[in-house]
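Report on the structure given below.
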Amino acid sequence: MNSAYTGFAGVYDEFMDDIDYEAWGSYITRKLCEYGIRDGLVLDLGCGTGNMTQILSEAGYDMIGVDGSAEMLSQAAAKKAADSSILYLCQQMQEFELYGTVRAVVSVCDCLNYILDEEELLQ
């Protein structure tokens, strides 16, 4: 799995504290609604510590968060609301397997920047 965030996962949210996740979540929710996606299963690809995953869950979406870092997912799981049914999966974005379909995929912040090879990006 992705070792880029090993040791960094515990302080990641502190470094990202200038991101207005709530405003971004409202924007994403509006865009999803514009496409008729008001509920259902949504994938947060490269979910990191789960900030956006949690916001979209609170907006009524059934969420799956996929990230290549077990440490980041551990942080996400630790702050997951007790009544939340978010499913977190440790998989690389280029190769993830859901064994089903989702209504939408979102990917926020800079997770795509870690895919340096054009062929992997296309994958």
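We use all heavy atoms of the structure for the numbers below, so side chains are in, but hydrogens, waters and symmetry mates are not. In this text the structure is predicted, and so the values were computed from the model without any measurement.
- Between L41 and Y61, the closest side-chain pair of non-hydrogen atoms is not below 4.5 Å.
- For the pair G65 and L73, the tightest heavy-atom approach, listed with the atom from each and the gap, is O-CD2, 4.4 Å.
- Heavy atoms only, all atoms of each residue included: A76 and G48 are closest at CB-O, 3.9 Å.
- Looking only at side-chain heavy atoms (C-beta outward), D117 and Q94 stay at 4.5 Å or farther from each other.
- For the pair I64 and I86, the minimum side-chain heavy-atom distance is 4.5 Å or more.
- The distance from atom OG1 of T53 to atom CG of L43, rounded to the nearest 0.5 Å, is 9.0 Å.
- Contact of the I28 side chain with the V106 side chain is registered, since non-hydrogen atoms from C-beta on lie closer than 4.5 Å.
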- Message: Between M72 and Q75, is the side-chain contact (heavy atoms from CB on, under 4.5 Å) condition met? List the steps.
- Response: CA-CA 5 Å; M72 295 289 270; Q75 295 293 319; 5.7 Å; no

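- Residue L32 comes nearest to A104 through the heavy atom pair CD2-CB, 3.5 Å, listed as atom of the first residue, atom of the second, then distance.
- In this structure, L98 and L89 have side chains that are in contact, with non-hydrogen atoms separated by less than 4.5 Å.
- The heavy-atom pair separating A70 from C90 by the smallest distance is N-SG, 3.7 Å.
- Put simply, the side chain of M63 does not reach to within 4.5 Å of the side chain of C47, judged on heavy atoms.
- Contact detail for G25 and L56: the closest heavy-atom pair is O-CD2, 4.2 Å.
- In this structure, a donor-acceptor pair under 3.5 Å is present between the side chains of E58 and Q54.
- For the pair V66/D44, no side-chain contact is recorded, criterion being any heavy-atom separation below 4.5 Å from C-beta on.
- Applying the side-chain hydrogen bond (donor to acceptor under 3.5 Å, both in side chains) rule to E34 yields the partners K31; only residues at least two apart in sequence or on another chain are considered.
- Rounding to the nearest 0.5 Å places OH of Y21 at 4.5 Å from CG of N51.
- Salt-bridge annotation for R103 and D39: present, with a side-chain N of the basic residue lying under 4.0 Å from a carboxylate O of the acidic one.
- Rounding to the nearest 0.5 Å places OG of S107 at 10.5 Å from CE of M52.
- Looking at Y88 and D67, their side chains never come closer than 4.5 Å, going by heavy atoms from C-beta outward.
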